[in-house]
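Below you'll find the structure, written out as structure tokens, and then a few comments.
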Amino acid sequence: MLQLAQHIESLIFASERPITKTEIIQCLSALFPGLFTGPDVEDALASLQSRYAREAFAFEIVEIGGGYQFLTKGDYHKTLETHLKLTGRKKLSLAALETLSIIAYKQPVSKSEIEQIRGVGSDYAIQKLLEKEIVAIDGRSDAPGRPLLYSTSAKFMDYFGVKSLNDLPKLKDFKEPDGAIGEPQA
């Protein structure tokens, strides 16, 4: 059927972010009106995912962030980690990670709420997260002064490799550290 799988493969490969099934169908419908159905696209996607799951490939097609994207398989993460260290991509600071985790779990959240939880100012951390496009401004609160609200962006999903916010660890998934001093708070 006009090499449907190859057309889909090229769209996934060329897309800067995960491309949704709807976007794939819209593009292919504009190019080939009436030549295939949604189930045809789903079958082609499943076929592509199966093909790239074989050991012959170092990458695979993964459903992530509401769409499909090529990602490197786990066996090759060390190789990429070494490459990224050599090319100097900077990591998020502890303050930025703390701020980001608050935003991810409490979103949409205002700067004052973030600072209340962290106990320190968060201007710089929020600014860095906005610059990296991991966090986005999500409107204004109805609270006095109408402060900005922050939420995670689609780039957050890509950055951390999660399909949706439901894939984030739940608080019950975190274990108390062994040998902790004192008693846990109730």
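Between the side chain of H77 and the backbone N or O of T72, at least one donor-acceptor pair lies under 3.5 Å. Under a 3.5 Å cut-off, the side chain of R140 and the backbone N or O of P147 do not form any donor-acceptor pair. The main-chain N or O of E98 is found under 3.5 Å from a side-chain atom of S101 such that the two form a donor-acceptor pair. A donor-acceptor pair is defined here as one N or O able to donate and one able to accept, closer than 3.5 Å; such a pair exists between the side chain of D167 and the backbone of K163. In this structure, the side chain of S47 does not engage the main chain of D43 through any donor-acceptor pair within 3.5 Å. Side-chain atoms of S29 come within 3.5 Å of backbone N or O of I25 as a donor-acceptor pair.
A 6.0 Å sphere centred on CD of E81 holds more than 12 heavy atoms belonging to other residues, nucleotides or ligands. No more than 12 heavy atoms of other residues, nucleotides or ligands shown are found within 6.0 angstrom of NZ on K106. Within 6.0 Å of CZ on F13 lie no more than 12 heavy atoms contributed by other residues, nucleotides or ligands. Other residues, nucleotides and ligands contribute only 12 or fewer heavy atoms inside 6.0 Å of the CD atom of Q116. Summarising the local packing, CZ of F57 is surrounded by more than 12 heavy atoms from other residues, nucleotides or ligands at distances under 6.0 Å.
Considering every non-hydrogen atom in both L129 and A96, the closest pair reads CD1-O, 3.7 Å. Among all heavy-atom pairs drawn from A136 and L130, the shortest one is CA-CD2, 4.1 Å. Closest non-hydrogen pair, P18 versus E23, comes out as O-OE1, 4.2 Å.
Applying the salt bridge (charged side-chain N to carboxylate O under 4.0 Å, His left out) criterion to D138, with sequence neighbours excluded, gives no partner residue. Applying the side-chain contact (heavy atoms from CB on, under 4.5 Å) rule to E133 yields the partners K155; only residues at least two apart in sequence or on another chain are considered.
Cluster membership check: Y76 does not share its hydrophobic cluster with L71, using side-chain heavy-atom separations under 4.5 Å among Ile, Leu, Val, Met, Phe, Trp and Tyr. Y105 and I137 end up in the same hydrophobic cluster when Ile, Leu, Val, Met, Phe, Trp and Tyr side chains are linked at under 4.5 Å. I102 is connected to M157 through a chain of hydrophobic side-chain contacts under 4.5 Å among Ile, Leu, Val, Met, Phe, Trp and Tyr, so both are in one cluster. Follow the hydrophobic side-chain contacts under 4.5 Å out from L45 and you reach I19 in the same cluster. Under the 4.5 Å side-chain heavy-atom criterion for Ile, Leu, Val, Met, Phe, Trp and Tyr, L31 and I8 are members of the same hydrophobic cluster.
A salt bridge is defined here as a Lys NZ or Arg NE, NH1 or NH2 lying under 4.0 Å from an Asp or Glu carboxylate O, and E131 with K128 meets this definition. Look at K73 and E60 and you find no salt bridge, because none of the NZ, NE, NH1 or NH2 atoms lies under 4.0 Å from a carboxylate O.
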Decide side chain to side chain contact (heavy atoms under 4.5 Å, CB included) for I24 and T20; before the verdict, give the C-alpha distance in whole Å, the side-chain angles of both, and the deciding distance to 0.1 Å. CA-CA 6 Å; I24 292 170; T20 67; over 6 Å; no
Report the C-alpha distance between S93 and Y124 in whole Å, list the side-chain angles of each, state the deciding distance to 0.1 Å, and finish with yes or no for side chain to side chain contact (heavy atoms under 4.5 Å, CB included). CA-CA 11 Å; S93 68; Y124 184 77; 5.9 Å; no
What verdict does the side chain to side chain contact (heavy atoms under 4.5 Å, CB included) test give for F70 and V62, after you've listed the backbone C-alpha separation in whole Å, the side-chain angles of each residue and the deciding distance to 0.1 Å? CA-CA 6 Å; F70 276 107; V62 177; over 6 Å; no
Intermediate values then yes/no, side chain to side chain contact (heavy atoms under 4.5 Å, CB included), D123 and E115: CA-CA 9 Å; D123 293 334; E115 290 173 345; 3.8 Å; yes
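At least one side-chain heavy atom of F156 sits under 4.5 Å from a side-chain heavy atom of L100. Residues L148 and K111 are not in side-chain contact: their nearest non-hydrogen atoms beyond the backbone lie 4.5 Å or more apart. Side-chain contact between L4 and L35: absent, with no pair of heavy atoms (C-beta onward) separated by less than 4.5 Å.
Atoms CD1 and CZ, from I61 and F59 in turn, are 8.5 Å apart once rounded to the nearest 0.5 Å. Rounding to the nearest 0.5 angstrom, the gap separating the OG atom in S122 from the OH atom in Y150 is 10.0 Å. One finds the OG atom of S151 at 8.0 Å from the CD1 atom of I103 (value rounded to the nearest 0.5 Å).
One side chain, E113 or S110, offers a donor N or O that lies under 3.5 Å from an acceptor on the other. Looking at S15 and Q69, their side chains never bring a donor and an acceptor atom within 3.5 Å of each other.
Under the side chain to side chain contact (heavy atoms under 4.5 Å, CB included) rule, Q107 has a single partner from L149, L165, V135, which is L165.
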